[in-house]
Amino acid sequence: DAKTTQPPSMDCAEGRAANLPCNHSTISGNEYVYWYRQIHSQGPQYIIHGLKNNETNEMASLIITEDRKSSTLILPHATLRDTAVYYCIVTPLQGAQKLVFGQGTRLTINP
Amino acid sequence: ETGVTQSPTHLIKTRGQQVTLRCSSQSGHNTVSWYQQALGQGPQFIFQYYREEENGRGNFPPRFSGLQFPNYSSELNVNALELDDSALYLCASSVRPGENQPQHFGDGTRLSIL
């Protein structure tokens, strides 16, 4: 499974866009990029996923570079409730699709 | 709310005992995956069940076992508990393997081993 690299922590001001980077330089052609977040004492929450095209939903946007070696999760208008650990995960569509979680990025939204 | 429910929410056991954790999957989902999350770490994949059969396993010893029932609910059993088994145990349900759909997690069972 491809590994991902994320900064351990980031800060963002409330109301601004939060841009969380992820490096996955060893990604294979059949592997998707998934983003989850985990707020303290809760289970991970699914945010968004994509293969090679940019994706947007009601929570966030996912920008994947053309060579697919990195991606950025964008929370367009961060609120205090977005404070959480964000995980970038690469997983193939085939098989058990086990999610391999790294250490993630601890995002703190400041008032 | 993901529709994935786990019970109990908290549990305290002693070394050597056995424990059973339960998970009800989201409606329409027939695949259940279990993860262990130690304090300060990301979740680690234990195994996955699809149509009542194990469909992949992580690097966990055989004393970690599971079941999936015809209604797609699932159990995680751990025998001969060790201190290092203290963790948050998470269950995630999904449509089925190979589908381009995410896994949705419950809020876990916090297991403490004394």
Side-chain angles (χ1 to χ4, degrees), chain A residues 1-9 20 22 24 29-53 55 57-60 62 64 73 81 84-107, chain B residues 1-7 9-10 21 23-26 29 31-51 53-60 66 68 87-110:
Chain A
D1 299 329
K3 294 188 187 299
T4 62
T5 303
Q6 299 178 253
S9 64
L20 291 89
C22 179
H24 33 79
N30 68 339
E31 290 182 312
Y32 280 72
V33 180
Y34 277 77
W35 282 84
Y36 282 79
R37 72 182 182 184
Q38 189 171 25
I39 296 168
H40 182 63
S41 79
Q42 296 181 17
Q45 177 189 23
Y46 166 76
I47 302 173
I48 198 167
H49 73 283
L51 182 63
K52 56 183 178 181
N53 296 320
E55 302 287 344
N57 63 20
E58 66 279 4
M59 288 183 68
L62 173 61
I64 302 174
L73 177 75
R81 288 178 294 181
V85 177
Y86 286 76
Y87 296 99
C88 168
I89 299 165
V90 170
T91 187
L93 193 59
Q94 292 77 21
Q97 291 179 272
K98 65 178 182 180
L99 301 177
V100 180
F101 290 79
Q103 294 296 314
T105 295
R106 183 171 297 279
L107 175 67
Chain B
E1 285 293 330
T2 63
V4 179
T5 58
Q6 294 187 241
S7 62
T9 55
H10 296 83
L21 310 182
C23 172
S24 292
S25 57
Q26 185 179 112
H29 288 184
T31 303
V32 174
S33 303
W34 286 90
Y35 294 81
Q36 179 196 65
Q37 185 173 24
L39 202 60
Q41 304 294 317
Q44 302 296 307
F45 176 75
I46 303 175
F47 44 55
Q48 181 182 86
Y49 277 81
Y50 170 59
R51 290 187 173 180
E53 297 286 332
E54 189 177 285
N55 183 50
R57 188 179 183 93
N59 188 26
F60 281 80
Q68 187 180 31
L88 179 67
Y89 288 85
L90 295 158
C91 162
S93 74
S94 51
V95 176
R96 54 182 164 271
E99 289 284 336
N100 182 21
Q101 295 295 326
Q103 297 179 26
H104 293 281
F105 286 80
D107 284 335
T109 293
R110 173 75 60 188

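None of the values given here were measured: they were computed from a predicted structure. Note on naming: letters A, B, ... go to the chains in the order of the sequence lines (proteins, then strands), and numbering restarts at 1 for each one. Atom set for the values below is all heavy atoms of this structure, side chains included, hydrogens, waters and symmetry mates excluded.
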Open item on the list: Let's go through A:Gln103 and B:Gln41 carefully: what are the C-alpha distance in whole Å and the side-chain angles of both, what is the deciding distance for side-chain contact (heavy atoms from CB on, under 4.5 Å) to 0.1 Å, and is it a yes or a no?
Closed with: CA-CA 6 Å; A:Gln103 294 296 314; B:Gln41 304 294 317; 3.0 Å; yes
Open item on the list: Given heavy-atom pairs under 4.5 angstrom as the criterion, report whether the side chain, backbone, both or neither of A:Gln45 touches chain B.
Closed with: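 For A:Gln45, there is no contact with chain B at all, as no heavy atom is under 4.5 Å.
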Open item on the list: side-chain contact (heavy atoms from CB on, under 4.5 Å) for A:Tyr34 and B:Gln103? Distances and angles first, verdict last.
Closed with: CA-CA 10 Å; A:Tyr34 277 77; B:Gln103 297 179 26; over 6 Å; no
Task: Most chain A-contacting option - heavy-atom pairs closer than 4.5 Å, from B:Pro43, B:Gly106, B:Ala92, B:Gly42 - done: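 Of the candidates given, the most pairs with chain A belong to B:Pro43.
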Open item on the list: I'd like to verify something: which residue of B:Gln37, B:Arg110, B:Arg96 has the highest number of heavy-atom pairs under 4.5 Å with chain A?
Closed with: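 Most pairs with chain A among the choices: B:Gln37.
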Task: Nearest-0.5 Å distance, NZ of residue A:Lys98 to CD of residue B:Gln44 - done: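 Reported value, rounded in 0.5 Å steps: 9.5 Å.
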TODO: Would you give the length of the straight line joining atom CZ of B:Phe105 to atom CD of A:Gln42, rounded to the nearest 0.5 angstrom?
DONE: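 It comes to 13.5 Å.
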Open item on the list: Keeping B:Tyr35 on the side-chain end and A:Leu99 on the backbone end, is there a donor-acceptor pair under 3.5 Å?
Closed with: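 Yes; at least one donor-acceptor contact below 3.5 Å.
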Task: Shortest non-hydrogen contact between A:Tyr46 and B:Pro102, atoms and distance - done: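 The pair with the smallest heavy-atom distance is CD1-CB, 3.3 Å.
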TODO: Could you tell me which non-hydrogen atom of B:Leu90 sits nearest to which non-hydrogen atom of A:Pro44, and how far apart they are?
DONE: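 Minimum heavy-atom separation between B:Leu90 and A:Pro44: CD1-CD, 3.8 Å.
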TODO: With a 4.5 angstrom heavy-atom cut-off, could you sort out which part of B:Glu54 is near chain A: side chain, backbone, both or neither?
DONE: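 B:Glu54 has no heavy atom closer than 4.5 Å to chain A.
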